[in-house]
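Below is one structure, written out as structure tokens; the observations come after it.
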Amino acid sequence: MKQPELGQKIQDLRKQKGLTQEELVEKCNINVRTIQRIEAGEVTPRSYTIKTILAALDYEFSNMQAKEKDIYFPNKNKSYALRTLLLACIFGGIFFLLGFFEFFADMDRLTYDTISIPTWAYILLKAAILISYVFFMKGFWVLGTVLNDPLLKFSSIVLIVISSVVYLHDIVSPFYEIFPMIYFLGMISFCFGAGGIFFGIAILKLQKHLGVLAVLTGVFEIGVSFLFLTVFLGWLGYILLTPLILLEIFVLYRFLEKFKSEPA
């Protein structure tokens with residue numbers, strides 16, 4: 001088990017035993033500063049040190065090794081997972097940049113009820129955004145597969161489906177408006193909010209792997225999703241998507257780096 005999970009596990013076991021760090025030191029004869037740094041995730045101790053601490057806590061080292069393998073590459077294809085996460089980071093960046101062009105195109109349409117750019121360019125923009133978003137969210141779906149997290153997989157698929165409906169509607173709307181724009185935006189805002197809250201909870205569950213980054217991203221995701229869920233505050237959620245997308249890209253990147261060191 002690697003840091004910071006190792007330090008958190010030792011801290012939890014110590015507290016379950018009702019021991020202070022000083023009392024644990026007396027039982028395993030290890031420097032108190034070493035215990036503090038291990039629990040804080042600042043250092044990765046040698047196997048001998050881990051076994052000594054666990055023995056003092058009456059916990060079998062083999063149990064920790066058995067629980068350590070919470071990462072499973074689909075079909076043992078590590079390269080597929082790494083390639084998907086890398087593509088997700090790249091397409092996440094593309095999705096982020098295209099969002100600025102989309103903002104101005106949609107603002108003109110909502111304000112003046114017309115598309116200020118050529119129709120073909122508008123359709124191409126929306127198609128590119130949809131494709132980049134699908135590849136971006138596929139990274140989280142694969143992440144859910146690798147970590148055996150059904151909620152992350154489910155919420156990723158839900159957001160992909162909702163986005164597909166939105167952008168396919170946008171693509172055909174210059175020729176045929178299926179729903180009045182104002183009502184369609186309200187429905188989509190509510191759906192994105194509901195799906196995003198589940199997605200945020202799934203991100204929060206990644207805390208044991210990423211620590212503060214997962215907490216920050218998950219809480220931010222839930223907060224932005226709540227704004228969409230209210231519909232009338234959806235405009236504020238739209239603005240806050242900018243930093244949120246950057247956080248999500250960083251989450252994928254951190255896992256990409258983490259998985260590189262994992263056995264296939």
Side-chain angles (χ1 to χ4, degrees), residues 1-86 88-89 139-153 201-219 247-264:
M1 183 177 290
K2 298 180 180 179
Q3 293 288 26
E5 294 91 344
L6 174 62
Q8 185 62 53
K9 180 64 176 179
I10 289 175
Q11 185 181 82
D12 291 342
L13 290 171
R14 175 177 60 77
K15 290 181 177 180
Q16 289 173 14
K17 288 288 185 179
L19 299 174
T20 64
Q21 290 179 332
E22 290 75 15
E23 290 171 335
L24 177 58
V25 166
E26 293 178 3
K27 291 174 67 71
C28 62
N29 196 29
I30 293 176
N31 185 278
V32 67
R33 178 56 184 156
T34 301
I35 295 291
Q36 291 172 344
R37 296 183 67 192
I38 292 173
E39 289 192 359
E42 297 176 0
V43 296
T44 300
R46 295 174 298 177
S47 296
Y48 171 79
T49 303
I50 298 174
K51 291 178 181 179
T52 302
I53 295 173
L54 294 180
L57 294 170
D58 298 322
Y59 190 86
E60 291 292 335
F61 180 69
S62 58
N63 291 340
M64 181 170 288
Q65 288 182 309
K67 294 182 179 181
E68 180 179 353
K69 189 62 178 177
D70 57 354
I71 294 175
Y72 173 75
F73 294 109
N75 299 322
K76 296 186 178 180
N77 193 341
K78 178 181 175 179
S79 61
Y80 168 77
L82 293 178
R83 184 170 62 250
T84 303
L85 289 180
L86 177 60
C89 291
F140 286 100
W141 183 85
V142 168
L143 193 58
T145 302
V146 173
L147 300 177
N148 192 26
D149 188 334
L151 181 59
L152 186 57
K153 292 173 64 177
I201 294 172
I203 297 294
L204 272 176
K205 291 172 59 181
L206 301 178
Q207 179 182 3
K208 68 177 182 178
H209 298 284
L210 296 184
V212 176
L213 175 61
V215 175
L216 176 61
T217 307
V219 170
L247 282 172
E248 291 172 346
I249 294 172
F250 192 43
V251 166
L252 290 175
Y253 176 76
R254 286 287 302 276
F255 271 107
L256 175 63
E257 293 299 307
K258 178 183 177 65
F259 289 165
K260 284 180 180 179
S261 61
E262 292 289 337

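If you read the sequence from its start, that first residue is 1, and numbering goes on from there. Because the structure is a prediction, the values reported are computed rather than measured.
Between Thr84 and the options Val146, Val142, Leu252, a side-chain contact (heavy atoms from CB on, under 4.5 Å) holds for only Val142.
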Legend entry - Residue pair Phe255, Leu206: steps toward the side chain to side chain contact (heavy atoms under 4.5 Å, CB included) verdict: CA-CA 10 Å; Phe255 271 107; Leu206 301 178; 3.8 Å; yes

Legend entry - Evaluation steps, side chain to side chain contact (heavy atoms under 4.5 Å, CB included), between Ile53 and Ile38: CA-CA 11 Å; Ile53 295 173; Ile38 292 173; 3.8 Å; yes

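Inspection of the Asp12 and Gln8 side chains reveals an N or O donor paired with an N or O acceptor under 3.5 Å.
Remark: Arg33 engages Glu42 in a salt bridge (charged side-chain N to carboxylate O under 4.0 Å, His left out) (not counting sequence neighbours).
Annotation: the span from Lys15 atom NZ to Ile10 atom CD1 amounts to 13.0 Å, rounded to 0.5 Å. From Ile30, atom CD1 reaches atom CD1 of Ile35 across 5.0 Å, with rounding to the nearest 0.5 Å. Atoms CG and CG, on Leu216 and Leu204 in that order, are 10.0 Å from each other to the nearest 0.5 Å. With rounding to the nearest 0.5 angstrom, the CG atom of Leu247 is 4.0 Å from the OG1 atom of Thr217. With values rounded to the nearest 0.5 angstrom, Ile201 atom CD1 is found 12.0 Å from Leu152 atom CG.
Across all their heavy atoms, Ile203 and Gly218 have their closest contact at CG2-N, 3.6 Å.
With Lys78 contributing its side chain and Lys260 its backbone, the two residues share a donor-acceptor pair below 3.5 Å.
Using a cutoff of 4.0 Å between basic side-chain nitrogens and carboxylate oxygens, Arg14 and Glu39 are scored as salt-bridged.
Leu54 is listed as a side-chain neighbour of Leu13, based on a closest heavy-atom distance under 4.5 Å.
For NZ of Lys27, the number of neighbouring non-hydrogen atoms (other residues, nucleotides, ligands) closer than 6.0 Å is 12 at most. Around CG of Asn31, the count of heavy atoms belonging to other residues, nucleotides or ligands within 6.0 Å exceeds 12.
Ring geometry, Tyr253 versus Phe250: the interplanar angle falls under 30°, so the pair is classed parallel (tilted spans 30 to 60°).
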